[in-house]
Amino acid sequence: MSDTFRIARSITVDAPPEAVLPYLTDFRQWVHWSPWEGVDPDMTRDYSGADHGVGAKYAWSGNKKAGRGAMEITRVDEPREVEVHLEFEKPMKTTNTVTFELVPQGRATRVSWTMVGPQSLFSRVAGLFGIFDKLLGKDFEKGLTRLKAVSESR
């Protein structure tokens, strides 16, 4: 079994990469599409670093569902790729790499969302039954559907 897990989902957005990219490179825009927005109405958010792009930082703290953690945009290859360093503090400590890839398809864009990280005991056991991928995969699909809606309405 691999030392890392990988979860990935994709969607086609009827908009060019330039219409999708601002929703990925500005953490303040994530409230419009992130599948975890709304799981805790009292969640605290802290934005720091750059306003958008490389160096933009976002930290959150919330209830059991929201947890606590921080993200930083570490690489942007406009308009094709965004890489985010993601650290969870709660419910469990872990560090992952999140990548958004935007591939033009005519006037549309194929958006792929991938998360890679070290296997924990939980992810190893859950991975054997496909539970980990199904749980997070559903969230990725929900987020991508929302990202599609906001990008196409621009």
Side-chain angles (χ1 to χ4, degrees), residues 4-15 17 19-76 79-102 109-127 129-154:
T4 60
F5 73 86
R6 181 180 183 276
I7 297 170
R9 295 293 190 274
S10 298
I11 197 167
T12 299
V13 175
D14 293 324
V20 180
L21 193 65
Y23 289 104
L24 302 174
T25 60
D26 181 349
F27 287 129
R28 289 169 184 85
Q29 297 300 317
W30 284 43
V31 297
H32 299 293
W33 64 268
S34 172
W36 299 290
E37 286 297 325
V39 298
D40 179 0
D42 297 323
M43 184 168 68
T44 61
R45 296 170 179 84
D46 180 44
Y47 303 98
S48 61
D51 285 341
H52 66 280
V54 174
K57 298 177 183 180
Y58 168 63
W60 74 93
S61 182
N63 62 18
K64 287 182 182 180
K65 284 187 175 183
R68 184 172 66 217
M71 297 188 286
E72 179 176 359
I73 297 175
T74 55
R75 187 169 51 83
V76 177
R80 305 290 174 118
E81 196 168 69
V82 177
E83 186 175 277
V84 178
H85 177 81
L86 170 62
E87 288 188 34
F88 288 104
E89 295 175 33
K90 288 186 178 182
M92 66 181 74
K93 278 189 165 256
T94 187
T95 300
N96 301 316
T97 300
V98 173
T99 306
F100 295 94
E101 184 180 22
L102 290 78
T109 303
R110 186 75 180 166
V111 179
S112 297
W113 182 1
T114 304
M115 184 165 67
V116 176
Q119 289 275 25
S120 66
L121 178 59
F122 169 75
S123 63
R124 285 183 196 276
V125 172
F129 301 101
I131 297 168
F132 197 55
D133 183 75
K134 285 179 187 172
L135 288 174
L136 278 175
K138 281 184 182 180
D139 287 341
F140 279 29
E141 290 164 9
K142 181 179 179 180
L144 287 169
T145 299
R146 289 178 175 176
L147 180 64
K148 174 181 173 71
V150 297
S151 297
E152 290 176 355
S153 68
R154 234 181 126 161

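Bear in mind that the values here come from a model prediction, so they are computed numbers and not experimental data.
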*With side-chain contact (heavy atoms from CB on, under 4.5 Å) as the test, would you mind laying out the steps for Asp139 and Trp36 before giving the verdict?*
CA-CA 8 Å; Asp139 287 341; Trp36 299 290; 3.0 Å; yes
*asked:* I'd like to know whether Glu83 forms a side-chain contact (heavy atoms from CB on, under 4.5 Å) with Ile73, so could you lay out the CA-CA distance, the side-chain angles of the two residues, the decisive distance to 0.1 Å, and finally the verdict.
replied: CA-CA 6 Å; Glu83 186 175 277; Ile73 297 175; over 6 Å; no
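Within the 4.5 Å cutoff, the side chain of Leu86 has heavy atoms near those of the Met115 side chain. Between Leu21 and Val82, the closest side-chain pair of non-hydrogen atoms falls below 4.5 Å. Taking 4.5 Å as the limit, every side-chain heavy atom of Phe88 sits out of range of all side-chain heavy atoms of Arg68. Arg75 has its side chain within reach of Glu81: a pair of non-hydrogen atoms, C-beta onward, lies under 4.5 Å apart.
For the residue pair Val54 and Val76, the shortest heavy atom distance occurs at CG2-N, 3.7 Å. Of all non-hydrogen atoms in Ser10 and Leu144, the two that sit nearest each other are N-CD1, 3.8 Å. The two residues Asp42 and Asp40 come nearest to each other via the heavy atoms N-OD1, 2.8 Å.
Here Ser153 contributes atom OG and His32 contributes atom NE2; the two are 9.5 Å apart, rounded to the nearest 0.5 Å. Taken from CG in Leu24 to CG in Leu147, the straight-line distance is 5.5 Å, to the nearest 0.5 Å. Taken from CD1 in Ile11 to OG1 in Thr109, the straight-line distance is 12.0 Å, to the nearest 0.5 Å.
With sequence neighbours excluded, no residue satisfies side-chain hydrogen bond (donor to acceptor under 3.5 Å, both in side chains) with Thr145. Arg9 meets the salt bridge (charged side-chain N to carboxylate O under 4.0 Å, His left out) test with Asp133, Glu141; sequence neighbours excluded. Scanning for side-chain hydrogen bond (donor to acceptor under 3.5 Å, both in side chains) contacts around Arg80 gives an empty result, with sequence neighbours left out. Remark: Lys142 pairs with Pro35, Arg146 by the side-chain contact (heavy atoms from CB on, under 4.5 Å) rule, at least two apart or across chains. Residues forming a salt bridge (charged side-chain N to carboxylate O under 4.0 Å, His left out) with Glu152 (at least two apart in sequence, or on another chain): Lys148. For Glu72, the side-chain hydrogen bond (donor to acceptor under 3.5 Å, both in side chains) criterion is met by no residue, not counting sequence neighbours. Evaluation of the ring pair (Phe, Tyr, Trp, His ring centres under 6.0 Å) rule for Tyr23 yields no partner, not counting sequence neighbours. Take Val39 and apply the side-chain contact (heavy atoms from CB on, under 4.5 Å) test, not counting sequence neighbours, and it matches Lys65, Ala66. Here Ala19 pairs with Ala15, Pro16, Arg154 under the side-chain contact (heavy atoms from CB on, under 4.5 Å) rule; sequence neighbours left out. Residues passing the side-chain hydrogen bond (donor to acceptor under 3.5 Å, both in side chains) test with Arg28, sequence neighbours excluded: none.
The side chain to side chain donor-acceptor pair (under 3.5 Å) pairs that include a residue from residues 43-61 are Glu37-Arg45, where partners are two or more places apart or lie in different chains.
The aromatic rings of Phe140 and Trp113 sit parallel, their planes meeting at an angle under 30°, below the 60° perpendicular limit.
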Please tabulate, for the side chains in residues 91-102, all donor-acceptor contacts under 3.5 angstrom to protein atoms that are two or more places apart in sequence or on a different chain.
none

